[in-house]
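Scope of the values below: all heavy atoms of this structure, side chains included, with no hydrogens, waters or symmetry mates. Note that this is a predicted model, so its numbers are computed, not measured. Note on naming: letters A, B, ... go to the chains in the order of the sequence lines (proteins, then strands), and numbering restarts at 1 for each one.
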Number of protein chains: 2
Amino acid sequence: MNDSGENGEKKRSRRPPAERTAQRDPERTRAAILDAATREFAENGMGGARVDAIAERAGTNKRMLYHYFGDKEQLYLRVLEEAYVSIRTAERALHIGDRSPEEGIGELALFTWRYFLQHPEFLSLLGTENLHRARWLRQSVRLKELHSHLIGELSDVLEQGKKQGVFIQTADPLHVYLTIASLGYFYLSNQYTLSTIFGRDLLEPTHLNAWERHIVHVTLTSIKR
Amino acid sequence: MNDSGENGEKKRSRRPPAERTAQRDPERTRAAILDAATREFAENGMGGARVDAIAERAGTNKRMLYHYFGDKEQLYLRVLEEAYVSIRTAERALHIGDRSPEEGIGELALFTWRYFLQHPEFLSLLGTENLHRARWLRQSVRLKELHSHLIGELSDVLEQGKKQGVFIQTADPLHVYLTIASLGYFYLSNQYTLSTIFGRDLLEPTHLNAWERHIVHVTLTSIKR
DNA sequence: CGAGCCGGTAACTAAACAGTTACTTGATGG
DNA sequence: CCATCAAGTAACTGTTTAGTTACCGGCTCG
């Protein structure tokens with residue numbers, strides 16, 4: 001039933017400048033807008049992003065954008081929610097409790113670093129949202145449980161490590177997560193100013209690999225007995 | 001526009017009589033604009049900052065702003081340069097080489113954290129500049145030597161620590177600095193989203209103090225033998 | 001078969017914005 | 001004592017922007 005390609009083209013249009021009929025695909029249009037918006041907001045922030053630019057990137061127009069998402073702010077919030085759901089979903093699939101505590105933490109650190117590296121738009125969106133003091137995120141209800149799971153799982157792993165005597169008793173799950181995230185976030189999100197003032201390209205593979213090892217090393221030595 | 005006759009009421013002159021002359025103080029006006037611009041750019045980013053808002057905050061008007069700084073971009077660059085000069089100047093005054101290596105590094109970590117805490121506008125400006133891939137910072141020549149000094153001094157302290165056998169041989173000055181800056185920057189610049197998703201106010205004194213101790217602990221354990 | 005719904009387009013509008021211009025006031029040195 | 005210039009004000013301008021409206025045309029179902 002999937003009509004791929006052209007069905008009978010009986011359409012000899014009379015007027016419109018665009019004679020080519022776009023095949024209708026609401027789901028695709030919606031996804032294209034969301035994707036285009038993600039890139040536009042990530043590159044230019046909330047204040048700098050242009051609604052016209054998003055429509056153009058999505059290969060559609062403003063009318064559709066307002067039709068599906070309401071207005072610029074609601075679209076931005078959807079982009080942000082989507083970004084959070086993506087990283088937390090991938091994170092869950094790790095199941096850091098399946099390995100030894102030490103390996104579990106190391107795995108989480110590696111995953112986080114590599115996810116940040118492959119999703120610069122996520123870091124950028126976080127930066128924008130924080131510039132505005134989480135003005136839009138705070139309105140979103142559906143995001144909290146997403147995170148309580150992360151802390152819960154991390155807490156279990158730490159407890160097990162403490163019982164086994166490999167981790168110090170004061171190790172705190174939130175602190176461990178913040179440590180991992182800090183080291184990845186700052187290096188990447190501030191790579192441009194850092195590369196400029198220190199005169200080294202931080203994105204060179206050699207430096208990236210060194211920093212990856214550094215993150216794991218710092219995280220583990222800070223909680224090991 | 002303004003037609004001749006009609007000398008009755010209502011002749012709205014284009015130029016209202018200046019009732020009182022503000023005392024002239026070019027240096028003060030200049031400083032007021034720079035200060036107002038710092039706040040406006042920090043709060044709204046480059047795209048969100050409004051020239052009119054800066055003029056109003058400074059208690060002056062756009063004409064003066066353009067007179068002293070050329071245009072919005074040049075003003076922004078001056079704000080950014082000023083911010084970097086401020087932190088590096090304060091940092092230099094620490095003289096971290098005067099203490100034992102361990103104390104020196106701890107001192108640098110404490111200073112950095114506290115400076116970030118007291119100067120949220122600096123963090124915000126860094127975020128904005130990185131969103132734009134250091135577009136303006138790269139144009140600034142006068143900022144590189146400012147930073148080579150920092151790395152040089154840090155390198156000396158680490159060398160001394162290695163000689164004394166208290167630091168590991170692989171400790172790298174840039175990595176140490178990035179570690180310290182990461183842990184402070186992320187916690188503060190992302191405090192709004194983090195507080196929201198984890199349901200804790202990260203700015204509460206208890207949590208701030210705990211994180212301060214954490215930064216020093218993490219930094220030192222990562223390089224100690 | 002035709003009414004009306006739905007995905008889609010382009011031109012429009014009111015407001016906001018960066019940057020300019022026309023003008024005023026007062027201090028100073030010749 | 002006035003010519004000149006710098007500090008300062010507010011209205012203006014051309015452009016950009018978020019959001020709207022008028023319209024198009026194919027598809028579906030009664």
Report the distance from atom OH of A:Y66 to atom P of C:dA10, rounded to the nearest whole Å.
17 Å

Test: B:R57 and B:E43 ion pair at under 4.0 Å:
yes

Of residues 53-64 of chain B, the positions that come close to DNA chain D - non-hydrogen atoms, cut-off under 4.0 Å
B:T60, B:N61, B:R63, B:M64

Indicate whether any N or O donor in one side chain lies under 3.5 Å from an N or O acceptor in the other, for A:S140 and A:E81.
yes

For DNA chain D, the residues among residues 67-82 of chain B that have a non-hydrogen atom under 4.0 Å from it
B:H67, B:Y68

Residues in residues 39-51 of chain B with a heavy atom under 4.0 Å of DNA chain D, by number, are none

With a cut-off of 3.5 Å and sequence neighbours excluded, list every side-chain donor-acceptor pair involving residues 69-77 of chain B.
unit_1: B:D71; atom_1: OD1; unit_2: B:E73; atom_2: N; d: 3.3
unit_1: B:D71; atom_1: OD1; unit_2: B:Q74; atom_2: N; d: 3.0
unit_1: B:K72; atom_1: NZ; unit_2: B:M46; atom_2: O; d: 3.1
unit_1: B:K72; atom_1: NZ; unit_2: B:A49; atom_2: O; d: 3.0
unit_1: B:E73; atom_1: OE1; unit_2: B:W136; atom_2: NE1; d: 2.9
unit_1: B:Y76; atom_1: OH; unit_2: B:E129; atom_2: OE1; d: 2.7

To 10°, what angle do the rotation axes through the five end pairs on each side of the helix from C:dC1-D:dG30 to C:dG30-D:dC1 form?
10°

Spacing of A:D52 atom CG relative to D:dA18 atom C1', expressed in whole Å
8 Å

Short N-O contact, B:E153 and B:R92, less than 4.0 angstrom:
no

Just distance, no hydrogens or angles: give the donor-acceptor pairs under 3.5 Å from side chains in residues 180-188 of chain B, sequence neighbours left out.
unit_1: B:S182; atom_1: OG; unit_2: B:L178; atom_2: O; d: 2.6
unit_1: B:Y187; atom_1: OH; unit_2: B:L202; atom_2: O; d: 2.7

With a cut-off of less than 4.0 Å, is there a side-chain N or O of A:T29 near OP1 or OP2 of C:dG7?
no

